[in-house]
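Lettering of chains follows the sequences in order, A, B, ..., and the numbering in each one begins at 1.
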Amino acid sequence: MSMFTEGAPIADTRAPDGPIETRWQQRRFSGKLVNPANRRRLNIIVVGTGLAGASAAATLGELGYNVKSFCYQDSPRRAHSIAAQGGINAAKNYRNDGDSIQRLFYDTVKGGDFRSRESNVYRLAEISVEIIDQCVAQGVPFAREYGGLLDTRSFGGAQVSRTFYARGQTGQQLLLGAYQALERQIRAGTVRMYPRTEMLDLVVVDGRARGVVVRNLVTGEVSTHLADAVVLATGGYGNVFYLSTNAKGCNATAIWRAHRRGAYFANPCFTQIHPTCIPVSGNYQSKLTLMSESLRNDGRVWVPVKPGDTRPPDQIPEAERDYYLERMYPSFGNLVPRDIASRAAKRVCDEGRGVGPGGLGVYLDFADAIARLGREAVAAKYGNLFEMYERITGEDPYKVPMRIYPAVHYTMGGLWVDYDLQSTIPGLYVIGEANFSDHGANRLGASALMQGLADGYFILPNTISDYLAAGPFPSIDPDHPEVKQTEQEVRDRIERLLSVNGDRTVDSFHRELGRLMWDYCGMSRNDAGLRKAIDQIRALREEYWQRVKVPGSGEGLNQALERAGRVADFFELAELMCIDALHRTESCGGHFREESQTPEGEALRDDENFSYVAAWEFTGVGRPPVLHKEALEFSYVKPTQRSYK
Amino acid sequence: MVGAIFGSTVGKKAIMATTGVILLLYLIAHMLGNLRIFFGEESINRYAVWLREIAEPLLGYGGLVWVIRVVLTLSVVLHIVTATQLARRARQARPVRYATRPKVQGSYAARTMRWGGVIIALFVTYHVLDLTVGWLNPDFEHGEVYDNIVVDFQHWYVALAYTAAVVVVGVHIRHGVASALRSLGVTTARGERVVNVAAIVFATALVVGFLSVPFSVFFGLVG
Amino acid sequence: MNLTLRVWRQPSASAEGRLVTYEVTDVSPDMSFLEMLDVLNERLILAGEEPIAFDHDCREGICGACGMVINGVPHGPQKATTTCQLHMRHFSDGDTITIEPWRSQAFPVIKDLVVDRSAFDRIIAAGGYISAPTGSAPEAHSIPVPKANADAAFEAAACIGCGACVAACPNGSAMLFTAAKVTHLGLLPQGQPERYTRVVDMVAAHDAEGFGGCTNTGECAAACPKGIPLETISRLNRDYLQATLRRH
């Protein structure tokens, strides 16, 4: 049986034609509007309260829609956007260093290795400027210079300084801004908040997304909420790897359930492996911690020249150190994009030159920066990151170089959406990391925050009105057969998970799945490995439903049950990721196929055959999915082989 | 305004701080007045009369003393009432106690504010009955301030009780000054240290000033 | 190393709770505190017992979800560290560790070590924001902010809303949490128009949730994993008193 079948091509029909800089304006003008008086009769469900979800719910509330917001955490403020450290890009050109909307657009398309849509990326670059204004007005305490103006720094994949930041806690400050705006709307009564509530399925009636089935995590009660439109802002699926920099609760259930109900899943194999994370210390490891990429501004990455060199770093003389990024990529040096830095680290470790336990680490050394700038200046920039490193490893990075290793960090893939951010199910919108739209095959640093807020504050609230103008849609009886059936399926699944009562824990399965994905669908992939992974994932999934042990009952708080449902979905998603990685025999961005590389070992794209978005249609568990190709056209940025040398 | 002040935890603390400051100012005056005992019998007795004579044209003989007494009584009542309300509220805010709870940050002074306050209240009552009204003092004679003090403090138990109470007052003031300044929003980040040092110096000075009298009497330096 | 844990177990909000003793063996010093609990939970599940429920999410010390009182100290013995970032190298072989939930009337226990902290959200909803509807913002550089103010605002804004201040306070007060937000927004020029209504509304919400009053003991700042300074409370008091004296 073949792994997949190919269906009709798919196209983004919403993006206007014409000059790229006018498209967003055109789309806003051509979209229908909803009269302010009618808005309060329109119900919108927003799932997830990260940067995208919180900003969308707050803005929709401000516009006067009737919004319901859901999150699995105990408070909307805890969504994992809060952990983003580095910063947020914006083409303000405050530095007069040659930045422009055009250049941010160009950098993002190039950084994404020409696998993103030009129209989307241009709009993102355009809106980046408004985001900074919005956040400053909300009181986000960005870093400032002595003159009182905003400070910026540079990030991987860019030669300009356009990243705005709030020490190493930019995500936190941006999210709190959005959260506060959301709380303001909750108080005003336009948004109703449902914390500790997890979406377990999507309700589709007459071909439209009309609601969600949720479980109250405190009482265990399963219920249905109906609406005129549903917005998913539920983040990425990096936790399919078990070990990642995602929060423990991050999961793919919302988008996977929507996929099962008909939403196409685009480019699932495009995952970002972040080069600067703290290495694994033991098999009890529950997650990995990122060290902001901003560290690469001043830290120098190196390994010993000789394989198997076990001397402590301070005893390795300068001549026996290999600053491999500076050597291989002289023009970008330590600031090459993430995918390139990660693969380079893997390569030197594969050569036996890695440092630390198991040889899975490289040094990130601040000795030069401390000598040049002084300890205080370094502490002012990175103090909190250094403290975090010391807390976790027990080593002082002011004295001993940090040890870092790549870890799964972000997923560029996600539910397919058009220019309006609408999925293939009418009325289902997907924003933030949960969609696939703007980063192509690799995301640049400080662009995730930009995209989340662009989607939530500015794009979705403008595009959703075009759909809602046709509403309110016919009201649905809670006893409608579709509603009843979806709800019943959710209950049955919970019941099934509880009834297996086997002899293995959810986490033990999740760890094994993660290991498989890391080994075969991680930093580098090949045909044989991916086939092997698919077989093993299927076998493991079978085993899961025979042997998993979930204690307790469905009533009340049951954290093991929550995890069990999420891991069950990860199995199905993992298989699709491997199929996608298998079918895309080119290398691009974060997707590195060993069969497709340049003589120097760099990723080799195949634009002739793969210049498309792979949008997958679900046909059943274990059944071959259908591939729909959306051709990518590049009229403004000519695809070239990426070079950061 | 009254509602916002009396009705909120922040307002109640402002009341405690303000009344605390009034009581503190009184204590300073009281302590300085006490020190007149070192200038002889004439000096302190004359001082007692003088207190009643100032503002006499306006308030009559002893009028100012009564004004002070009313202000003090009101302050004490407000101080105790708000303290009781806040203590009650605190108890309700933590219905289940911790199984283990070591001392972490709070100073001894901060942790003893409530019981210290009760002790001070009992002492003040005794003190008034002893040296103002004289009911508890068999040798008491109105107007004979010097004799009353000297006779009183020659009893070791009176001197001891007085000493203990003054120390409790000192500890109360040590936290009280710092706390009041924060409750009134006067403390700034830079001032935090200054306030703390000032509170200690201030409390010590007050304790020394008050204790100089009974010690001098007890050891025969006065009387 | 081997440890003895005494953990608060309470099946639900309405049920009685008690401390239950567990032995945990082979604990690595490089484990985080939560990973140590993970190991215990895996064992409990396989033994057919209910695992210990505790809140956690990012495990990077920033989301504010985790939090338990460890040997009487919120977030445990290491200064300026959340429970998830606390590592077992700070304990020694043979230690007995008592683990309890945050104790506060306003944070009712949901299960075991999980408490309901939604009172914090309601305090923010009462006024912990700057009203700046999307689209209304002026150009970011139109209002310069002195660096000192921006830095101090950031310091206060670093609050993660974990609730350790409440857990530590002998009065069960949430004044440090409330003051951190009042300070963050009150120091910025954008926050001035709502500065006085904000503080009055937030204090009213704080009191309505049943938190105790602040008596300046400083336990909150000592327990705060993010080092929010006690001075923020002084600033809240100042703004509050000015607001009430000015408004009427």
Fill in: Part of A:T393 lying under 4.5 Å from any heavy atom of chain C
backbone
Discussion item. Which one wins on heavy-atom pair count under 4.5 Å against chain C: A:T289, A:L149, A:N246, A:N501?
Written reply: A:L149
Worksheet item: Which region of A:E562, side chain (C-beta onward) or backbone (N, CA, C, O), has a non-hydrogen atom less than 4.5 Å from a non-hydrogen atom of chain C, or is it both or neither?
Response: neither
Discussion item. Need one label for A:I186: side chain, backbone, both or neither, based on atoms under 4.5 Å from any heavy atom in chain C.
Written reply: neither
Discussion item. For C:K111 and A:Q559: C-alpha separation, side-chain torsions, deciding distance, then whether side-chain hydrogen bond (donor to acceptor under 3.5 Å, both in side chains) applies.
Written reply: CA-CA 11 Å; C:K111 184 177 182 178; A:Q559 293 171 324; over 6 Å; no
Worksheet item: Stepwise, does the side chain to side chain contact (heavy atoms under 4.5 Å, CB included) test hold for A:S75 with C:F120?
Response: CA-CA 9 Å; A:S75 161; C:F120 272 9; over 6 Å; no
Worksheet item: Considering only heavy atoms, which portion of A:Q134 lies under 4.5 Å from any heavy atom of chain C: side chain, backbone, both, or neither?
Response: both
Fill in: Test ring pair (Phe, Tyr, Trp, His ring centres under 6.0 Å) applied to A:Y194 - qualifying residues, sequence neighbours left out
A:F70, A:H225
Worksheet item: Which atoms of A:D74 come close to chain C, meaning under 4.5 Å heavy atom to heavy atom: side chain ones, backbone ones, both, or neither?
Response: both
Practice prompt. Specify which of A:Q172, A:E130, A:E145 makes the most heavy-atom pairs with chain C at under 4.5 Å.
Written response: A:Q172
Worksheet item: What part of A:S281 gets closer than 4.5 Å to chain C, counting heavy atoms only: side chain, backbone, both or neither?
Response: side chain
Fill in: Side chain / backbone / both / neither for A:I127 at chain C, heavy atoms under 4.5 Å
neither
Worksheet item: Contact part of C:I143 toward chain A, heavy-atom cut-off under 4.5 Å: side chain, backbone, both or neither?
Response: backbone
Fill in: A:A137 to C:I130 - nearest heavy-atom pair and separation
O-CG2, 3.3 Å
